[in-house]
2 protein chains.
Amino acid sequence: MDKPPKQTKHELFLNYKIWLSGLTGNGKISDTTFELLGLIKKLGSIKLAAQACEISYRKAWGDIESAEKMLSYQLIEKQRGGKEGGHSQLTPACIKLLEAYEALQQKFDDSVEKAFNDFEIAMAKKPEE
Amino acid sequence: MDKPPKQTKHELFLNYKIWLSGLTGNGKISDTTFELLGLIKKLGSIKLAAQACEISYRKAWGDIESAEKMLSYQLIEKQRGGKEGGHSQLTPACIKLLEAYEALQQKFDDSVEKAFNDFEIAMAKKPEE
DNA sequence: TTACGAGCTGTAGCCCGTTGCATATCGATA
DNA sequence: TATCGATATGCAACGGGCTACAGCTCGTAA
């Protein structure tokens, strides 16, 4: 899921990872989890989303559970049974959260790009300058 | 070493981690490694710096080695022997790198703060707004 | 010339996140 | 009312990262 990092003239890449945590530190929502949520929204299924995310269903399920526990509200509307076995969709609260996160992520990307450009410039300078 | 993350009115914290990697992905320089380098500069000893960093000497040494291999230049001037056992200091190239990183880190912090403020505002709004 | 303490190095073992598997549950629809 | 497949859940096993520890190397100052 990690997007290709940015390269310097010095053959360095900048990588970063962001996540949300709760007050007591007893849980977290990682970028991967948000990606998972986005895929559930798109695919309507935890199973399919987990596959697309290249993580085990077990992990996907656990991540959702811990995120919901941390936030103390429901993220996923789950439907079991039926010929199709079941399906899932995001709650309105989850959609709101996801959209806020995606905006956060986007702003972050832009800022990082800028900061890293400055880094490249600094590294290109000779030490004595 | 992780600094306290920022809190929303929704009792959420934003956390992040950055690191540099090389072309072939065969190594990385984490924020912890940069913290270690800063402490070596300050304390003049890998051993003391590792203690201050709360990592094992073994890991500190391995991190430095892999960073130097990745960059293919020397970061640390090491001195063995003597009554004091030895000491270490940063090379000029390392100091330059460290300073560039610290500036990058600072800009990162600012970006995070700004992006997270917007996130808070978005989360404070009612879904229908 | 020796003693000391940091730099170096290998390895056994722990911790913890994750996978993989097994198995149960549910319920719309055919 | 039988079926089918996704949701739900536990657990053994694996693997990577790290620590703990043991032991060595070095060279200066006493």
Side-chain angles (χ1 to χ4, degrees), chain A residues 1-2 15 17 19-21 25-37 39-70 74-91 94, chain B residues 1-2 15 17 19 21 25-33 35-37 39-70 74-91 94:
Chain A
M1 67 128 294
D2 290 337
N15 309 265
K17 192 169 175 64
W19 67 97
L20 299 177
S21 62
N26 53 359
K28 64 194 182 98
I29 315 181
S30 72
D31 49 356
T32 334
T33 305
F34 279 109
E35 195 197 354
L36 180 72
L37 291 176
L39 286 165
I40 291 172
K41 184 183 179 188
K42 185 177 163 191
L43 302 172
S45 152
I46 297 175
K47 185 196 178 109
L48 292 179
Q51 283 175 352
C53 241
E54 291 179 311
I55 59 174
S56 62
Y57 178 87
R58 193 68 189 80
K59 173 166 162 53
W61 199 92
D63 286 351
I64 292 166
E65 188 197 31
S66 97
E68 288 184 332
K69 187 178 289 183
M70 199 189 97
Q74 210 180 339
L75 291 175
I76 310 268
E77 206 89 54
K78 297 155 185 167
Q79 192 63 48
R80 295 211 302 191
K83 195 70 177 176
E84 312 293 300
H87 53 91
S88 294
Q89 60 180 337
L90 308 188
T91 61
C94 181
Chain B
M1 68 129 295
D2 290 338
N15 309 265
K17 190 169 176 64
W19 68 97
S21 62
N26 53 358
K28 64 192 182 101
I29 314 180
S30 71
D31 49 358
T32 335
T33 305
E35 195 197 354
L36 180 72
L37 292 175
L39 285 165
I40 291 171
K41 184 183 178 188
K42 184 177 162 191
L43 301 171
S45 151
I46 297 176
K47 184 192 177 114
L48 292 179
Q51 283 174 353
C53 241
E54 291 179 309
I55 59 175
S56 62
Y57 179 88
R58 192 68 188 82
K59 173 167 161 53
W61 200 93
D63 285 352
I64 292 167
E65 189 197 31
S66 98
E68 288 186 332
K69 187 176 291 182
M70 198 188 98
Q74 210 181 338
L75 291 174
I76 309 268
E77 207 90 54
K78 296 156 185 169
Q79 192 63 47
R80 296 210 300 190
K83 195 69 178 177
E84 312 291 301
H87 52 93
S88 295
Q89 60 180 336
L90 307 188
T91 62
C94 182

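Here is the naming used below: chain letters follow the sequence lines, and residue numbers restart at 1 for every chain.
- In this entry the distance linking CD of B:Q89 with C1' of C:dA6 reads 15 Å, nearest Å.
- Within 6.0 Å of CD on B:E84 lie no more than 12 heavy atoms contributed by other residues, nucleotides or ligands.
- The distance between atom NZ of B:K59 and atom C1' of C:dG10, rounded to the nearest whole Å, is 18 Å.
- Counting to the nearest Å, the C1' atom of C:dG7 and the CG atom of B:D63 are 16 Å from each other.
- When all heavy atoms are compared, the tightest approach of A:K41 to A:L90 is CB-CD1, 3.5 Å.
- What separates NZ of A:K69 from P of D:dA8 is a distance of 14 Å, to the nearest Å.
- In this structure, the CD1 atom of A:I40 is 14 Å from the P atom of D:dA6, given to the nearest Å.
- Residue A:S88 forms a side-chain contact (heavy atoms from CB on, under 4.5 Å) with just one option from A:L48, A:I46, A:L43, and that option is A:I46.
- With a 4.5 Å cut-off on side-chain heavy atoms, B:H87 and B:S45 do not count as touching.
- When the C1' atom of D:dA8 is taken as reference, atom CD of A:E68 falls 13 Å away, rounded to whole Å.
- Atoms CH2 (B:W61) and P (D:dT25) sit 15 Å apart, rounded to a whole Å.
- At a threshold of 4.5 Å between non-hydrogen side-chain atoms, the residues B:I64 and B:L36 count as touching.
- Side-chain N or O atoms of A:E68 include one that pairs as donor or acceptor with a backbone N or O of A:L75 at under 3.5 Å.
- Atom OH of B:Y57 is separated from atom C1' of D:dC24 by 12 Å (rounded to the nearest Å).
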*asked:* Please encode protein proximity along nucleotides 21-30 of chain C as a string of B, S and -, counting only heavy-atom distances under 4.0 Å.
replied: ----BBBB--

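- Proximity of residues 41-48 of chain A to DNA chain D (heavy atom under 4.0 angstrom from any strand atom) is restricted to A:S45, A:I46, A:K47.
- Judged by distance alone, with hydrogens and angles left aside, the side-chain atoms of A:T91 form no donor-acceptor pair with the main-chain N or O of A:I76 at under 3.5 Å.
- Closest approach of B:C53 to B:T32, counting heavy atoms only: SG-O, 4.0 Å.
- Distances shown here put a side-chain N or O of B:S88 below 4.0 Å from the OP1 or OP2 atom of C:dG7.
- Minimum interatomic distance between A:K28 and A:W19 (heavy atoms only, all atoms of both residues): CB-CD1, 3.8 Å.
- Distances were taken from every side-chain heavy atom of A:S56 (C-beta onward) to each of D:dC18, C:dT19, C:dT9; the shortest belongs to C:dT19.
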